[in-house]
Chemist: 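The structure that follows is given in the form of structure tokens.
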Amino acid sequence: MFCGMNTANPNIRPRIRQLDDAAANRIAAGEVVERPASAIKELVENAIDADAKRIEIAYADGGKTLMRVSDDGYGIAADELELALSRHATSKIDGSDLMNIHTFGFRGEALPSMGAVGRLTITSRAQGADGAAMISVNGGRHEPVRPAALSKGTVVELRDLFHATPARLKFLRTDRAEATAIIGVVKRLAMAEPHIGFTLRDLSGGGAGRVVFQVDPQTGDLFDALHGRLAKILGNDFAANSLQIDAERDGISLTGYASLPTYSRGSAVAQYMFVNGRPVKDKLFYGAIRGAYSDFLHRDRHPALALFLECEPALVDVNVHPAKSEVRFREPGQARGLIVSALRHALANAGHRASTTVADATLGAFRPENRPAAPVYQMQPRPSGVSLQRAYEAQQPTFQETAPSFSGRVEPEQPAPVADQPLGAARAQIHENYIIAQTPDGMVIVDQHAAHERLVYEKLKNQMAENGVASQALLIPEIVDLPAERHAQLLEAAPELAKLGLVLEDFGGTAICVRETPAILGQVNAAAMIRDVCDELADLDQTQTIKDRIEAILSRVACHGSIRSGRIMRAEEMNALLREMEATPHSGQCNHGRPTYVELKLTDIERLFGRT
Ligand code: ADP
Ligand code: MG
């Protein structure tokens, strides 16, 4: 039986009452001002809505004793200050079209809420006004508006958050944790608004405080500005190793930057998503990103990216909980499809480009400026990733020509190797796995096993897309015994696997018989391959698309046909491999997101020897 929890005496029906404004504001404040960072977010969004070009944010003691946001926006007129502090008062909508909101704010709740839970002061000078005015509120009660000194914009100060509600104060975390949350909020907003300058100061020690974060307004078109801003916030390495995203479909646009697969992280921490300028954390995005990169990255690796989705406000519900960051799309499939296809398209266009990070990190360790002045034999390579910060485009080769096909066999009439190809002319193979090639302005080291694995994989995918993977019959079919559950799973997938060139049948008990394998692989160890495919099937997420599943299996299969490290190659073979890499999309990284080659420019080499 259901028991009413809220009624002390079930026989007395509580009467319905209208809450007074102060109580209503305190309740709203619970949602809007959860912690200092949420107050800062509201105040900075107000400044952005007011067309500010520079925004200064300051806090003390993790924001608990003081938060202040100053902007140079269009300000609030003296005779509207009081209204700005009353509930449901906003200049941003007139209430007639709730589906078409283009500003951050619209609820008219933030300022009154803050006035209910702290000591709030707003000082502002409206554009074109003769002077400034200010208003103070404490515990929901305001004092009369009075004249003040301010040359432009608005300063909102919130002191002693939750001083009147100690119970809520207790829920706040350490000053340090609250400050970290504030920094996170400001950085996210700064990513979305590259044309606005932001300064964040910690005033805890008194005086002018310590600048925690500072970015000037970026100039240039949106992409330039964004690229510059992301370099400041996510780092130069990210900027140098990311691809521009610019796509539009069905009235939804997606812009931003996403990292090459070779620049990945162990978690999704460096994934920043925005919908109509608002930071969001939404399953839809994470799923779409994983899908787009599934072909290049191991499931445990995650790209870094900042993506901005823009659409008609009517297509997305922003009227969700103010402190939460979920979104509801009217057509989630459209948004997801756009994200996946835009990312895949950018990755395909990256050609054989691989991350510069590996070479840069290694070189950074050896750069003369990082060397101790002491004798060279004391020099230790440093593990840290110091970037050379080259202009990435400068080293982007473009190729029109198609290269001869590399089949693992020697083609006698191979054209003489020419050094002016992007990946150069093969000069040597060392340690039976690394090809050293000379390029017009440097050298390239190729991991032949990783590179070949990727090429085989791309070929398998192409065959699959055309008319199925060509198979060849084994002279002697191979019998493989499997654990019972794997056996069943494999047989269930048999029709699907046949299209991938892997023909097998039940051999009774828990054994299967492998009859055909993909022709492109040549001779393979069928038993080892089958076990790998079994592992992959067991691992596969049932929610993945069929395409993703096929690719995952092909990727495993490709490993078995690759030139193993340890195989000595002749010059023609090595050159054929380089040419094919140039002609193959995605060949800059192996199927697990590691680079297949690294490049050293002559200038880098000269630096190693202290010649520049
Ligand atoms: P909302 O942003 O949802 O409208 P707020 O309570 O945050 O509600 O702000 C109320 C109103 O005060 C805004 O609609 C805007 O007109 C005005 N306002 C608040 N902050 C600023 C600011 N920094 N510059 C100019 N106007 C502001
Ligand atoms: Mg607001």
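Computed from a predicted structure; not experimentally measured. Numbering of residues begins at 1 and proceeds along the displayed sequence.
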Chemist: Between Q271 (side chain) and P303 (backbone), is there a donor-acceptor pair under 3.5 Å?
Modeler: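 The answer is yes, because a donor-acceptor pair under 3.5 Å joins these two groups.
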Chemist: Do H142 and L81 come within less than 4.5 Å of each other through their side chains, counting heavy atoms only?
Modeler: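 A side-chain contact is absent here, since even the closest heavy-atom pair is not under 4.5 Å.
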Chemist: Could you state the interatomic distance from CD1 (I196) to CD1 (I48), rounded to the nearest 0.5 Å?
Modeler: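 Reported value, rounded in 0.5 Å steps: 5.0 Å.
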Chemist: Got a sec, which residues hit side-chain hydrogen bond (donor to acceptor under 3.5 Å, both in side chains) with Y257, two or more places apart in sequence or on another chain?
Modeler: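 If we apply the side-chain hydrogen bond (donor to acceptor under 3.5 Å, both in side chains) test to Y257, skipping adjacent residues, the hits are Q244.
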Chemist: Within the distance-only criterion (no hydrogens, no angle test), does the side chain of R301 pair as donor or acceptor with the backbone N or O of S264 below 3.5 angstrom?
Modeler: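 Yes, R301 side chain to S264 backbone: donor-acceptor pair under 3.5 Å.
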Chemist: Does H195 offer a backbone N or O that forms a donor-acceptor pair with the side chain of R229 under 3.5 Å?
Modeler: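 No: the side chain of R229 does not pair with the backbone of H195.
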Chemist: Examine distances only and state if a side-chain atom of D160 and a backbone atom of R119 form a donor-acceptor pair shorter than 3.5 Å.
Modeler: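 A pair under 3.5 Å: no.
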Chemist: Looking at every heavy atom in both V145 and A78, which two are closest together, and how far apart are they?
Modeler: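 In this case the closest contact between V145 and A78 is CG1-O, 4.0 Å.
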Chemist: For residues N241 and S259, determine if any side-chain heavy atom of one lies less than 4.5 Å from a side-chain heavy atom of the other.
Modeler: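 No, their side chains stay 4.5 Å or more apart.
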Chemist: Using the rule given for side-chain contact (heavy atoms from CB on, under 4.5 Å), can you reason through T262 versus F296, listing the C-alpha separation, both sets of side-chain angles and the distance that settles it, and then say yes or no?
Modeler: CA-CA 9 Å; T262 39; F296 314 106; over 6 Å; no
Chemist: Distance-only, no hydrogens or angles: does the H302 side chain make a donor-acceptor pair with backbone N or O of V269 under 3.5 Å?
Modeler: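 Not confirmed, H302 side chain does not pair with V269 backbone.
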Chemist: Provide the closest heavy-atom pair for L43 versus V156 in the form atom of the first, atom of the second, distance.
Modeler: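 Answer, listing the atom of L43 first, then V156: CD2-CG1, 3.6 Å.
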Chemist: Show the nearest heavy-atom pair for residues L338 and S253, with the distance to one decimal.
Modeler: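 Of all heavy-atom pairs spanning L338 and S253, the closest is CD2-C, 4.0 Å.
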Chemist: Would you please name every residue forming a side-chain contact (heavy atoms from CB on, under 4.5 Å) with D51, sequence neighbours left out?
Modeler: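 For D51, the residues satisfying side-chain contact (heavy atoms from CB on, under 4.5 Å) (neighbours in sequence not counted) are Y74.
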Chemist: Could you pull out all residues at least two apart from H345 that satisfy side-chain hydrogen bond (donor to acceptor under 3.5 Å, both in side chains)?
Modeler: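 Scan of H345 (side-chain hydrogen bond (donor to acceptor under 3.5 Å, both in side chains), adjacent residues dropped) gives N349.
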Chemist: Please identify each residue that fulfils salt bridge (charged side-chain N to carboxylate O under 4.0 Å, His left out) with R201, with sequence neighbours left out.
Modeler: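 Partners of R201 under the salt bridge (charged side-chain N to carboxylate O under 4.0 Å, His left out) test: E56.
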Chemist: Taking only residues two or more places apart in sequence or in another chain, which ones pass side-chain contact (heavy atoms from CB on, under 4.5 Å) with S204?
Modeler: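 Only A60, D61, D202 meet the side-chain contact (heavy atoms from CB on, under 4.5 Å) criterion with S204.
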Chemist: Please enumerate all residues that pass ring pair (Phe, Tyr, Trp, His ring centres under 6.0 Å) together with F238, with sequence neighbours excluded.
Modeler: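 Ring pair (Phe, Tyr, Trp, His ring centres under 6.0 Å) list for F238, sorted by chain: empty.
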Chemist: Is there a side-chain contact between S136 and R146 (heavy atoms, below 4.5 Å)?
Modeler: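 Yes; the side chains approach each other to less than 4.5 Å.
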Chemist: Using modelled atom types only, decide if a donor and an acceptor are shared between the side chain of R35 and the backbone of L172 within a distance under 3.5 Å.
Modeler: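 No, R35 side chain to L172 backbone: no donor-acceptor pair under 3.5 Å.
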Chemist: Taking only residues two or more places apart in sequence, or in another chain, which ones meet R125 in a side-chain hydrogen bond (donor to acceptor under 3.5 Å, both in side chains)?
Modeler: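 Counting only residues at least two positions away or on another chain, R125 forms no side-chain hydrogen bond (donor to acceptor under 3.5 Å, both in side chains).
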Chemist: Are M273 and L305 side-chain neighbours, meaning at least one heavy-atom pair lies under 4.5 Å?
Modeler: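 In contact.
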Chemist: Can you give me every donor-acceptor pair (side chain of residues 211-220, partner residue at least two apart or in another chain, under 3.5 Å) with its distance?
Modeler:
from	atom 1	to	atom 2	distance (Å)
Q214	NE2	D216	OD1	3.2
Q218	OE1	K232	NZ	3.1

Chemist: One pair to check against side-chain contact (heavy atoms from CB on, under 4.5 Å): T255 and F274. What are the steps and the verdict?
Modeler: CA-CA 10 Å; T255 53; F274 302 81; over 6 Å; no
Chemist: Any chance you could measure R210, atom CZ, to L203, atom CG, to the nearest 0.5 Å?
Modeler: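 Answer rounded to 0.5 Å: 10.5 Å.
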Chemist: Indicate yes or no for a side-chain donor-acceptor contact from S555 to the backbone of E551 under 3.5 Å, with no hydrogens or angles considered.
Modeler: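 No, S555 side chain to E551 backbone: no donor-acceptor pair under 3.5 Å.
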Chemist: Look up atom CD in E143 and atom CE in M134, then write down how far apart they are to the nearest 0.5 Å.
Modeler: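 Result: 8.5 Å between the selected atoms.
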Chemist: Can any side-chain N or O of R344 pair as donor or acceptor with the backbone N or O of G291 at less than 3.5 Å?
Modeler: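 Here the side-chain-to-backbone pair exists.
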Chemist: Which heavy-atom pair separates V316 from C311 by the least distance, and what is that distance?
Modeler: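 Nearest heavy atoms, V316 then C311: CG1-SG, 3.7 Å.
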Chemist: Measure across A342 and I245 and return the closest heavy-atom pair with its distance rounded to 0.1 Å.
Modeler: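 In terms of heavy atoms, the two residues are closest at CB-CG2, 3.9 Å.
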Chemist: Mind listing the closest non-hydrogen atom pair of T154 and S124 along with its distance?
Modeler: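 Taking T154 first and S124 second, the nearest heavy atoms are OG1-OG, 2.8 Å.
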Chemist: I want to check something: taking the side chain as every heavy atom from C-beta on, are I40 and E178 in contact at a cut-off of under 4.5 Å?
Modeler: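 Not in contact.
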Chemist: Please report the interatomic distance CD1(I57) to CG(L189), rounded to the nearest 0.5 Å.
Modeler: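 Interatomic distance, I57 CD1 to L189 CG, rounded to 0.5 Å: 8.0 Å.
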Chemist: For F162 and K170, what are the C-alpha separation, side-chain angles and deciding distance, and is it a side-chain contact (heavy atoms from CB on, under 4.5 Å)?
Modeler: CA-CA 9 Å; F162 302 145; K170 271 197 230 131; over 6 Å; no
Chemist: What residues form a side-chain contact (heavy atoms from CB on, under 4.5 Å) with D221, not counting sequence neighbours?
Modeler: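 Residues passing side-chain contact (heavy atoms from CB on, under 4.5 Å) with D221: F223, D224.
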Chemist: Atom CG in D250, atom CD in E312: separation rounded to 0.5 Å?
Modeler: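 Rounded to the nearest 0.5 Å, the CG-CD separation comes to 13.0 Å.
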Chemist: Give every residue pair that meets the salt bridge (Lys or Arg N to Asp or Glu O under 4.0 Å) criterion with at least one member in residues 63-73, sequence neighbours excluded.
Modeler: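 Matches after skipping sequence neighbours: K64-D175, R68-E157.
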Chemist: Given side chains that start at C-beta, do those of M191 and L234 come closer than 4.5 Å, heavy atoms only?
Modeler: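 M191 reaches L234 side chain to side chain.
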Chemist: Quick one: list whatever passes salt bridge (charged side-chain N to carboxylate O under 4.0 Å, His left out) with R249, sequence neighbours left out.
Modeler: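 Scan of R249 (salt bridge (charged side-chain N to carboxylate O under 4.0 Å, His left out), adjacent residues dropped) gives none.
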Chemist: Check side-chain contact (heavy atoms from CB on, under 4.5 Å) between A335 and all other residues, then give those that pass, not counting sequence neighbours.
Modeler: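 Only L284, L309, F329 meet the side-chain contact (heavy atoms from CB on, under 4.5 Å) criterion with A335.
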Chemist: Between CZ of F308 and CG of D246, what distance do you get to the nearest 0.5 Å?
Modeler: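 Reported value, rounded in 0.5 Å steps: 13.0 Å.
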